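Indexing begins at 1, ligand by ligand and atom by atom, following the structure's order. Just so you know, these numbers come straight off a predicted model, no measurement behind them. No hydrogens, no waters, no symmetry mates; every other heavy atom, side chains included, goes into these values.
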Amino acid sequence: MSIPIKISGIGYYVPETVISNDDLAKIVDTSDEWIKTRTGIERRHLLSGNETAFDMGLAAAKKAIEKSGVKPEEIDYIIAAACLGTHIYPSTACELQAALGADKAVCFDITAACAGLIYGMGISKAFMDSGMAKNVLIVATEALSHCLDWSDRGTCVLFGDGAGAMVLSVAEDGQNDILSIGLRAQGDLGHYITMESPGKNCSLVEQNDEGQMYIKMNGREVYKYVVTKLPPHIEECVEKSGLKMDEIDYLVPHQANLRIIEALEKRLNFKHEGVISNIQEYANTSAASIPIALAESIEQGKMKLPCTAILTGFGAGMTAGTAVVRLREGIA
Ligand code: COA
């Protein structure tokens with residue numbers, strides 16, 4: 001049974017430290033011009049000092065909860081999406097539960113990389129449809145600067161740190177905000193983007209090199225995969241939503257690369273003024289990029305509420321997820 005779900009609150013947080021393309025050119029052989037023309041990225045916000053993925057996630061979660069009007073003790077599930085949480089365990093979701101005082105929440109982390117928010121929405125919907133949850137908090141928090149080889153110019157220029165959060169609630173007024181949702185995975189292409197576990201065999205069994213937990217990526221193949229596979233998946237979700245592409249106000253894509261966003265806009269024939277992008281400021285913040293783009297655009301008045309929007313993400317796995325949503329006033 002499908003029950004009406006309300007997107008009741010969204011929040012985001014980004015660290016204060018800003019690193020420009022020119023700054024990066026001091027540590028790797030790159031240039032502002034190369035990065036800007038290939039990706040659209042101009043700056044990224046990075047963690048510093050003792051601040052962690054958990055801290056960012058907590059700040060974003062508090063904002064989303066405040067906007068939602070839901071009390072922490074009313075949250076049934078906390079789902080965290082993070083490439084690298086502060087700890088492998090306890091999970092980021094459990095850490096958030098304790099800090100928020102969401103005592104009755106069931107907590108777990110998911111690994112769906114940049115599609116993490118949409119995967120979290122799909123899981124939340126299943127819990128709500130089955131009667132297992134009334135309120136779910138999804139927190140995407142990404143400390144990608146801790147996962148990068150800062151001597152690899154092919155990856156280190158592309159990513160940034162940040163967090164976004166969303167509260168979903170059973171809609172008491174009967175208005176459904178999740179018009180359609182679709183999730184995909186293609187594990188046979190998993191080698192396009194990888195981050196190895198540092199775990200190694202026991203030294204009594206064999207000697208091992210130190211593990212290196214860095215993001216590695218075949219950027220060209222990722223690019224080709226996304227621009228060919230994502231548009232039909234988005235079109236399918238739009239059809240399921242009952243809306244037509246030109247009736248939807250905004251397209252909020254995962255912020256991986258401006259060229260990919262432009263290719264999606266063109267391929268979907270989406271109105272340019274409705275395409276949301278802030279990649280120039282934050283670079284690719286993986287699962288956090290969609291909620292950051294959403295909450296920031298609403299806050300800055302670039303997205304006018306109420307509205308309809310396509311949220312679409314893709315990433316390591318390869319994973320992809322798209323949701324066609326209605327966004328009410330006062331959610332961010
Ligand atoms: N600065 C300067 N030169 C760089 C560089 C950098 N930061 N990174 C790579 N290069 C060089 C390469 O070494 C290569 O040089 P060569 O021709 O002498 O060997 C050249 O630029 C072209 O490299 P290539 O990787 O083929 O570039 P590209 O045009 O494919 O652009 C990406 C690279 C990563 C920007 C592009 O492939 C991309 O955006 N892919 C999608 C990645 C993505 O979205 N990932 C996240 C998914 S969630």
Residue part near ligand 1, for [X], under 4.0 Å between non-hydrogen atoms:
X    : answer
V28  : neither
I193 : side chain
T30  : both

Please name the pair of heavy atoms, one in A115 and one in T319, separated by the smallest distance, quoted to 0.1 Å. CB-OG1, 3.5 Å

Heavy-atom nearest pair, E235 first then M245, reads CG-CE, 4.0 Å

For ligand 1, which atoms have a heavy atom of [X] less than 4.0 angstrom away?
X    : answer
T39  : 35 (C)
G219 : 37 (O), 38 (C), 40 (N), 41 (C)
A256 : 44 (O)
C114 : 48 (S)
V222 : 43 (C), 45 (N), 47 (C)

CA sep, side-chain torsions, deciding dist, call: D177, R328, salt bridge (Lys or Arg N to Asp or Glu O under 4.0 Å): CA-CA 8 Å; D177 294 347; R328 308 170 184 223; 2.8 Å; yes

For atom 25 (O) of ligand 1, decide whether some protein heavy-atom distance is shorter than 4.0 Å. no

Per-atom contact, atom 4 (C) of ligand 1, protein heavy atoms, under 4.0 angstrom: yes

Under 4.5 Å between any side-chain heavy atoms of T285 and F159, yes or no? no

Check: L24 and I19 side chains under 4.5 Å, non-hydrogen atoms: yes

NZ or CZ of R44 within 45° of Y282 ring axis and under 6.0 Å: no

Distance from atom 36 (C) of ligand 1 to nearest protein heavy atom, with residue and atom: R259 NH2, 4.0 Å

Check the pair E142, S286 against side-chain hydrogen bond (donor to acceptor under 3.5 Å, both in side chains), reporting the backbone distance first and the verdict last. CA-CA 7 Å; E142 300 285 22; S286 193; 3.0 Å; yes

Does some non-hydrogen atom of V157 fall short of 4.0 Å from ligand 1? yes

Does D29 come within less than 4.0 Å of ligand 1, judged by its heavy atoms? yes

In terms of relative ring orientation, are Y77 and F127 parallel, tilted or perpendicular, with 30° and 60° separating the classes? parallel

